Participant: 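Let me begin by handing over the structure; questions about it come next.
Sequential numbering from 1 along the given sequence is applied to the chain's residues. These figures come from a predicted structure and were not determined experimentally.
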Amino acid sequence: VQLQASGGGLVQPGGSLRLSCAASGSIFSINVMAWYRQAPGKMREWVASVSRSGSTAYADSVKGRFTISRDNVEGAVYLQMGSLKPEDTAIYFCSVTTHTQYWGQGTLVTVSS
């Protein structure tokens, strides 16, 4: 499975941004799709995930502000981010799991005035 993330950029605090990640290859073997992020000088952390059936889970730090969704036919996962804060600044990575976990290349989100 190959992953291509997009949608990052510079946004002001309080703003919104939508990340997309397109999967190719054996997309029908994908189980969980997820987003992670890594801020400067910090470890990579899990942000949100969505199962094949549509069940979602979120890190406490983004709950109520971010929404994850997926398109099983297209093999895509999305992250709608709202009420963005400077501490949301990070490189965001999409990840999918079949029998193996795959990673995309990351897309930079910068929240700054």
Side-chain angles (χ1 to χ4, degrees):
V1 177
Q2 295 79 45
L3 301 170
Q4 181 69 46
S6 61
L10 173 64
V11 62
Q12 292 187 343
S16 300
L17 208 57
R18 186 180 191 237
L19 305 182
S20 301
C21 179
S24 59
S26 301
I27 63 173
F28 293 106
S29 64
I30 294 174
N31 294 314
V32 177
M33 306 183 85
W35 288 94
Y36 291 73
R37 67 185 181 185
Q38 186 166 15
K42 295 189 176 181
M43 300 288 288
R44 188 174 299 187
E45 65 175 0
W46 168 76
V47 174
S49 57
V50 56
S51 70
R52 175 181 287 273
S53 64
S55 296
T56 58
Y58 298 92
D60 287 344
S61 59
V62 307
K63 199 172 294 183
R65 300 188 298 122
F66 291 9
T67 302
I68 190 171
S69 59
R70 66 186 283 173
D71 183 326
N72 289 330
V73 174
E74 296 294 328
V77 60
Y78 307 97
L79 187 69
Q80 180 67 47
M81 304 185 294
S83 301
L84 283 162
K85 306 175 182 179
E87 51 263 44
D88 294 317
T89 295
I91 300 174
Y92 284 71
F93 299 88
C94 58
S95 175
V96 303
T97 303
T98 60
H99 298 291
T100 304
Q101 187 171 19
Y102 298 88
W103 294 90
Q105 85 288 3
T107 185
L108 177 62
V109 173
T110 303
V111 184
S112 175
S113 56

Participant: Are Gln105 and Gln4 close enough, and set up right, to give a side chain to side chain contact (heavy atoms under 4.5 Å, CB included), and what steps lead you there?
Facilitator: CA-CA 7 Å; Gln105 85 288 3; Gln4 181 69 46; 3.1 Å; yes

Participant: Check Ile91, Thr89, Val109, Val62 against Arg37 for a side chain to side chain contact (heavy atoms under 4.5 Å, CB included) and give me the one that passes.
Facilitator: Val62

Participant: Are Leu108 and Tyr36 linked, directly or through intermediate hydrophobic residues, by side-chain heavy-atom contacts shorter than 4.5 Å (ILVMFWY only)?
Facilitator: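 Yes; Leu108 is reachable from Tyr36 via cluster members.
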
Participant: What class does the angle between the rings of Phe93 and Trp103 fall in, given that below 30° is parallel, 30 to 60° is tilted and above 60° is perpendicular?
Facilitator: perpendicular

Participant: For the pair Lys63 and Asp60, find out whether any cationic side-chain nitrogen is under 4.0 Å from an anionic carboxylate oxygen.
Facilitator: yes

Participant: Without hydrogens or angle criteria, can the side chains of Ser51 and Ser53 be said to hold a donor-acceptor pair below 3.5 Å?
Facilitator: yes

Participant: Say whether, by atom type as modelled, one donor and one acceptor occur between the side chain of Asn72 and the main chain of Arg52 under 3.5 angstrom.
Facilitator: yes

Participant: Would Thr67 and Tyr58 count as a side chain to side chain contact (heavy atoms under 4.5 Å, CB included) if you check the C-alpha gap in whole Å, the side-chain angles of each, and the deciding distance to 0.1 Å?
Facilitator: CA-CA 8 Å; Thr67 302; Tyr58 298 92; 3.8 Å; yes

Participant: Report whether Tyr102 and Leu79 are members of the same hydrophobic cluster (ILVMFWY, side-chain heavy atoms less than 4.5 Å apart, transitive linking).
Facilitator: yes

Participant: Mind checking who shares a hydrophobic cluster with Val32, ILVMFWY linked at side-chain heavy-atom distances under 4.5 Å?
Facilitator: none

Participant: Check residues 6-30 and write down every donor-acceptor pair under 3.5 Å in which the side-chain atom is one partner and the other belongs to a residue at least two apart or another chain.
Facilitator:
residue : atom : partner : partner atom : Å
Ser24   : OG   : Gln2    : OE1          : 3.3
Ser29   : OG   : Ser26   : O            : 2.6

Participant: State, to 0.1 Å, how close Arg70 and Asn31 come at their nearest heavy-atom pair, and which atoms those are.
Facilitator: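 Shortest heavy-atom contact: NH1-O, 2.6 Å.
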
Participant: Measuring from Gln80:CD to Arg65:CZ, what's the distance to the nearest 0.5 Å?
Facilitator: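 Nearest 0.5 Å value for the CD-CZ distance: 12.5 Å.
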
Participant: Between Trp35 and Ile68, does the side chain to side chain contact (heavy atoms under 4.5 Å, CB included) criterion hold? Intermediate values first, please.
Facilitator: CA-CA 8 Å; Trp35 288 94; Ile68 190 171; 3.7 Å; yes

Participant: If you round to the nearest 0.5 Å, how far is CG of Leu84 from CZ of Phe66?
Facilitator: 5.0 Å

Participant: If you apply the rule side chain to side chain contact (heavy atoms under 4.5 Å, CB included), what do you find for Gln38 with Tyr92, and how did you get there?
Facilitator: CA-CA 7 Å; Gln38 186 166 15; Tyr92 284 71; over 6 Å; no

Participant: Write down the atom of Ser95, the atom of Gln101, and the distance for their closest heavy-atom approach.
Facilitator: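 In terms of heavy atoms, the two residues are closest at OG-NE2, 2.9 Å.
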
